[in-house]
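The next block holds one structure in the form of structure tokens; read it before the comments.
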Amino acid sequence: MAIIERPTPTAAITLRAPVTPAQSMGIVRRPVTSTGWKSWVFTVDHKKIGIMYGVFAMFFFIVGGVEALLIRLQLATPDGKVLSADLYNQMFTMHATTMIFLFAMPMAAAFANYFLPLQLGARDVAFPRLNALGLWLLVAGGLILNASWFLGGAADGGWFMYSPNSGPVFSPSNGVDFWTLGVQIAGFGSLIGSINLIVTILNMRAPGMTLMKMPVFCWMILVVQFLLVFSLPVITVALVLLTFQRSFGATFFDVAQGADPLLWQHLFWIFGHPEVYVLILPAFGIITEVLPTFSRKPLFGYPFVVFSGASIGLVGFGVWSHHMFATGLGPISVAAFSIATMAIAIPTGVKIFNWTLTMWGGKIWYSTAMKFSIGLIVLFTIGGLSGVTHAVAPSDTQQTDTYYIVAHFHYVLFGGMVFGLFSGFYYWWPKVFGKMLNEKLGGWNFWLMVIGMNMTFGPMHILGLQGQPRRMYVWTEARAGEGLFNFGFWNKIASLGSLILTIGILFFLINIVYTARKGKIAPLDPWDARTLEWITTSPPKEHNFDRIPVVHHLDDFFHRKYQEDATTGELVQIATGEQLVRAEEANADAHIHLPSPSYWPIAIAVGVGTLGFGVVYGVPIMIVGVLMILGSSFGFVLEPSVAQDIDYDPPASGGQDTKELAPLG
Amino acid sequence: MITTGSKYCFGIAGLGSLGALIYMILINPSDVGVLALLGIAIAMSIVGGVTQFTGDFDADTVSDAITVSASAPANSMWPLLLALGGVLLLVGMTTNPIIFLLGIVVIVAAGIEWALQSWAERASEDSAFNRFVRERALTSLELPLLAGGAVAVIAIAFSRIMLAVSPENGAIIFIVVATAVLAVGFLIAVKTNLKKTSITAVCVLGAVALLVSGGIAGQSGNREQLVSAAAEEHYSHKDCEETASKYFDKNSEKTVSMKSGILATIRVKDGKLSAQLIGLDAPVATVTVARSNQATILFRNLDDEEHRLVANLGVKKVGETGVVEKIVDCTQMTGKNQTQALLLKINKPSASSGPYTFTVPGLEGQEIALVVP
Amino acid sequence: MSHEGTLPVSKQNMTIFGGVKSQGRLNRKKTAVMAFGVLFMAGCARDAPQDTWQPKGENASNINTLQWIVFPLAGVVGVAVFALIGFVLWRYRDKGQAIPHQSHGNPAVEITLTIIPALILSVVGVFTFRGIFQLAQTNDTQMVINVTGQQWWWEYDYPAQVVNGVEISQPIITAGQLVIPTDTKVLLRETSRDVIHSYWIPALNGKKDAVPGRINLLRLQAYKPGIYAGQCTEFCGLSHANMRMEAVALEPADFATWVANQQRNAQQPAQASLAQEGEGVFLNQCIRCHQVNGLKKADGTAAIAAPDENVYSGAAPNLTHLMSRNTFAGAAFDLVTSDCRKNIWTASPEQFGAAYLEGVSPKCLNQTNLRRWLRNAPEMKPMYADPTKLASSDGKYRGMPNLNLSESDIDKLVAYLSTLK
Amino acid sequence: MAMWLFLGSECLLFGGLISTYMLYRGRITQGPRPSQIFDIPFTSVSSFVLLMSSLTMVLAVTSTQRRDYERSKLWLTVTALLGATFVGGQVYEFTAFYNEGLGFTTNLFSSSFYTLTGFHGVHVTVGVIMLMALRGIISKNRDTGDRAEVVELIGLYWHFVDIVWIIIFTLVYLIPA
């Protein structure tokens, strides 16, 4: 019921009845004055929601990482005994699911939520309560997904969950049920979030910020949200069909009735391939902010980068069948999808050239954030080139479902996405927490991750070409080849590499703890940055900007600091970032309306979670869930976005929703 | 100190658990009724706990407020409903579980409404504010539930009527009802000076008519045709004879949507039967189907007469008497230039009760061997 | 050590991908050392049986040609891009220079850099297009074999046909090892009885999924006699890792011998031998699922297995000629001792046929593996064979359960099984 | 804006369900086939009823924009009633089919048919609940924000559901397999 919510909080709603002061509403009051944990759980502030997304994602990054370590431990030696076949299958299924749905997407959502309004010069997102709803639905989905570990075993059909192997006969535990429901709920959360972010970008930019003056990060997020809006319903269909098959006896994937197992694959990959770009484009966006900042130069070919991002998104919908070259599609469709897949390499190549040329002629500052960004360019290029080798469909029939593919997409997703996200961590940490992450620890973090990553996934190229298939809980000496450099050697290197990678990531966690305790207080503009999020304090105030900035240029913040000298043409600094922030504070707006916290988003999410459990455990629980959803969503709709006077205890006589700002000298 | 409000809630909780206990002993320990009663008990104890905790029902302050309150408590229909619910509950216990459930729903709804209303009436001395508080607390539940209930009642009553009458009359009734709704709407919209009471009367009349006829229709059961269809299972068996059968061949398919994974295509052309296998160009006399394997055979009729393809899959013994019955599977009647698919999964090898063959009734003496190794 | 002329170079190329490129930027100075390392590796790496760069048949060679176009091309592009990045990183490091001119790009450069990759890719695209249609060709097929996947083994059935003048008069059913004549274009009709599997013999062709309800075509052709390893590559449940296969190519004459043998029924074991007692055990236990052609029940009627009543897929390997194959249980375990295995795998093309057709001789029989399997199959290869957990699959097993055979029964069975030549 | 995006997303949802149905409608190993049990005259009437409700929805939107809230309440009610009648028709249709031997699990056609039309029915039901609730909100004067816009948004949703039904009716009922 997004529809009834108003995009902008308007002035206080007048009450029909006169309110007698000194009366509160008891438990039906809104949580306006909450403190402590309540101020997080009921919040609608995009920054707090962003941080919660981040914490949630980081937690699942560690969970997924532990799963990956167990997998590598199992495969370090032939006929590994660490995990049973059953447990191994659950492990690789949940590793992928966790990393994609519970780490990568939420982490991108964290960055988008936190920085999108800041970069756009907005006070909040378009629908703050929907934003909270998206978060809590994701949490509900994550809990349901992982609850399966304790309720009879997790899903064991691979994250691709191909039918009929995911059907009730072949995967009898409840794991797949929890998986389908968890992904559906998390997906619904993402759908809500993406609608919200699209409206935010299109409607809430600061005055003067045309679309072509918008930071590239916002552009990439916009493309990603469109991808989500149009791909999530397709996976929802697939998941609904599977749920109906498993829970209500439908026949969708019952081959004995004439069903076609490829239906699932088509539906899944129509979602699954755009999903790849959903994962990578936010990271592209992040490094497109970092590279110009640390090269002290604007992005090379801004329109080309923007349009290549958009065309990646568009073409991304037309290449799904390249995941299915071996399924017997027929030569004509194989050829068509093969060519389309090659075509998508072109805009990707454009991006790599533009990043490189942005640094060309610059003045490069090798901060940790910059190192991670450069790491992304290099590692992603490797992943991209190996991708081209299996866009060639016949060659792909040798490589698909081998470790070569595992290597390829880990170079793309780990080398690409994770490095981009880490770049974002180092770049924006001072903005979010007001303290600088330690650069020395950051160096260790970066180099160990680079070495570990290449040691883990580099050898997998060779393993794949030597013929080791994926998803095998053991590999055997009989197929390992002879000599020193056989399966055994490369598998050992990969497992060793995963340990180094782990240590590298541990350095990041250490860095967080160190920074929290002893970290240096961040200056207001530590990187001599270029975009609007730096024109406010670090961490930003609840209302983001003291005064809504008026934008004249791409990289407006930079242009407020530097100007070309009229005669020499050289850049001259006319103001520091610090001065600009103080100037904003001095000219602060007097009245700022902020949306009020609400119980309903989390209440709806609890209802949806209950409904999910009901699908597995029986109709009575489902009914309870539906009632909870109905009640709380109507509560959600009927609640004004800004709290009324009587919501305060004691009731305010008007104006408490308005933050009065005392101008600073 | 236990406040008045929570006393009330705890009391209901106690009664609920007592009821559940009695129900469990007397009727059926695993019945849904027990669950429902226990649910009430738990819910009320939670509500009681909350009220106790928040102190909203604090008797000391509230009683003062009531004495000075300018507005007397509004008329309330909740006690009446509560009583009605109790009656339904009792009637349902002995007769029909649906009535029993209805009783529980009514009691829960009335109880919650009553409790919250009385709470809201004491919230302050300002009746407008009190009404506001009540609405804030309850509309988000009332609105969707009432609306949902209305949809359910209309849909169920209406569908009962449709099920009871013949399809032709059903369509007419459908038109009439829809037109009536529209007409009344337009009438009211155009005639602005209509009295409110008459509008209400029309609406009530319509509602009553719908409910009563729905109830009668529900009692009288489904129309004859549907009853016999359910009893005789018209479509559940295949008739593989030479002539068309009444149900199995009614409006038979003209094309197939399966284009991939066809093991063999069997054709009838100029009265001759021929088969072609995937991957081979020349026609074959034998089709080999692996055991327990899903195989799709296409049947294409190029002749003027209607034909069907029959797969003869040996015999099986029925019961202990040793009566032998043929196992057959077949397509529907297939007209000229039409195609149908036959999905086969044969579990027993042809050596066990074979030989297996494909035949077309009407084309005697021709067959294609079906080998299941 | 490989004898294929192309191999060392291909290894070198692969290693460039895995090693140098990824780390080249990280440590320029070590590049030379790494390059040396690559050559060293290329010399040392021995062939893995499933190596995708060692084609042994026409289809795989076609694919290999394409790989040889796209991999070096990707390598060259990669090196060029990294050289550019390396140069930029070194040249424009912060040396205290002034803040650079805020240039926003150069459309001419942009367009050039878009067109160059497009051109390169369109060249690759043309070759790809040709390759796809080349591989999809089936109209000159000389032999057809039905291949059926199920959890977790492959069944091959050879319909009645005439191949190179050799007549297969009644269908042959075998499992685990696919036997084909050399220089013959063999068409596999793949399907599955339960979930999706994928058939892959890297030396002969790329992979093709076996999808239940569908029939997918895959062409194989082998230049020389030999044994070619493969593995199921579509995740198919618990024992996916243990679902292997081997393609055996025989000279046409040897193939005729093999066909003649396969069409014979099993021989009755000698009277009063241990093997005859084993036949009794087999009739008591194994016949529930496993067919042995020609086996008769005590009353003289033919014994017909009913796997459809006991196993969800409705099939179990036909054991009539078990000892003509040298692996069992989905080609996951050797039926021959490791020495004998080595002899077959390393036999020269001329001697291979004779070595393979000899089958499993008593001295070669791998008693350890076979006995372990008979003692408790699911312990050796994970399968859904717990009798208490079969509710979801209509009470049927998926794989072979533990039959709780006594040691003496196992002795008898081994004696009987080794007569199934 | 958000509603448009949501509806765009819904288009793909129904697109997926319709494709599933189109793929599976002819794959029948047992039980009745679509052409054997569809009652086209009846479904035409119910489609017409749904179309009429779109008309009354337009009337509701325009009267809200004119601030004629009495009429807008009236038209909202009429729309909701017509919608509920349609739902009733669907309940009837499902029950009748079930009696003729077409259960949800009978064959691929039945599973995909019930899922597709059931999903649409749920959308209609949700719409009716929203309409009725909206009527309640208006009479209780408890709306948040611009009333005309809210009615317009729900109207948008209602028209969308209507258009989807026209597509379903054409593809599922009228075009023979």
Side-chain angles (χ1 to χ4, degrees), chain A residues 1-10 13 16 126-127 130 191-192 194-200 202-203 225-226 228-238 240-241 244-245 248-254 256-260 262-264 266-267 270-271 630 634 637-642, chain D residues 1-24 26-31 103-116 118-119 126 129-130 133-134 136-137 140-147 149-157:
Chain A
M1 287 290 292
I3 45 175
I4 296 181
E5 189 163 22
R6 308 288 308 135
T8 43
T10 46
I13 277 90
R16 278 165 291 114
F127 308 106
L130 278 187
L191 183 69
I192 289 175
S194 54
I195 289 178
N196 180 15
L197 291 181
I198 292 176
V199 179
T200 307
L202 295 183
N203 282 352
Q225 307 312 319
F226 269 107
L228 281 173
V229 165
F230 295 123
S231 66
L232 281 170
V234 183
I235 187 75
T236 308
V237 170
V240 163
L241 300 185
F244 281 11
Q245 162 120 357
F248 309 123
T251 53
F252 296 111
F253 304 113
D254 186 353
Q257 299 268 21
D260 189 348
L262 293 195
L263 172 69
W264 170 271
H266 281 292
L267 290 175
I270 289 176
F271 154 78
L630 259 182
F634 269 81
V637 168
L638 293 171
E639 181 182 70
S641 69
V642 177
Chain D
M1 177 78 201
M3 195 63 181
W4 281 109
L5 285 168
F6 173 69
L7 294 181
S9 183
E10 291 270 278
C11 280
L12 277 123
L13 183 86
F14 279 107
L17 289 170
I18 290 175
S19 327
T20 307
Y21 175 80
M22 298 302 277
L23 180 70
Y24 279 166
R27 303 197 174 191
I28 294 155
T29 50
Q30 54 190 357
F104 182 59
T105 59
T106 305
N107 53 34
L108 281 169
F109 153 65
S110 73
S111 285
S112 46
F113 170 78
Y114 283 128
T115 306
L116 171 61
F119 249 79
V126 168
I129 292 178
M130 287 201 298
L134 189 59
I137 290 171
K140 289 192 174 190
N141 225 4
R142 265 210 61 188
D143 42 353
T144 63
D146 184 353
R147 192 176 282 175
E149 196 177 318
V150 173
V151 177
E152 199 181 325
L153 286 176
I154 293 185
L156 206 56
Y157 172 86

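Please read all numbers here as calculations on a predicted model, not as lab measurements. The chains referred to below are lettered A, B, ... by the order of the sequence lines, with proteins before strands, and numbering in each begins at 1.
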Between [X] and chain D, with a heavy-atom cut-off of 4.5 Å, which part of the residue counts as in contact: side chain, backbone, both or neither?
| X | value |
| --- | --- |
| Asn196(A) | neither |
| Leu202(A) | side chain |
| Ala238(A) | neither |
| Leu191(A) | side chain |

What's the separation between atom [atom1] in [X] and atom [atom2] in [Y], rounded to the nearest 0.5 Å?
| X | Y | atom1 | atom2 | result |
| --- | --- | --- | --- | --- |
| Leu17(D) | Leu267(A) | CG | CG | 9.0 Å |
| Phe253(A) | Ser111(D) | CZ | OG | 10.5 Å |
| Thr115(D) | Leu241(A) | OG1 | CG | 6.5 Å |
| Leu5(D) | Ile198(A) | CG | CD1 | 4.5 Å |
| His266(A) | Thr20(D) | NE2 | OG1 | 11.5 Å |

I need the minimum non-hydrogen distance between [X] and [Y], along with the two atoms involved.
| X | Y | value |
| --- | --- | --- |
| Ser9(D) | Phe230(A) | N-CE2, 4.3 Å |
| Phe248(A) | Phe104(D) | O-CD2, 3.8 Å |
| Leu108(D) | Gln257(A) | CD1-O, 3.3 Å |
| Leu12(D) | Pro233(A) | CB-CG, 3.7 Å |

Subject >> Contact class of Tyr157(D) relative to chain A, heavy atoms under 4.5 angstrom >> reply: neither
Original post:
Does any heavy atom of chain A fall under 4.5 Å from the side chain of Thr106(D), the backbone, both, or neither of them?
Top reply: backbone
Original post:
Should the ring pair Tyr24(D) and Phe252(A) be called parallel, tilted or perpendicular, given that the plane angle runs from 0 to 90° and is split at 30 and 60?
Top reply: parallel
**OP:** Kindly indicate, with the supporting measurements, whether the criterion side chain to side chain donor-acceptor pair (under 3.5 Å) is fulfilled by Thr251(A) and Thr105(D).
**Re:** CA-CA 6 Å; Thr251(A) 53; Thr105(D) 59; over 6 Å; no
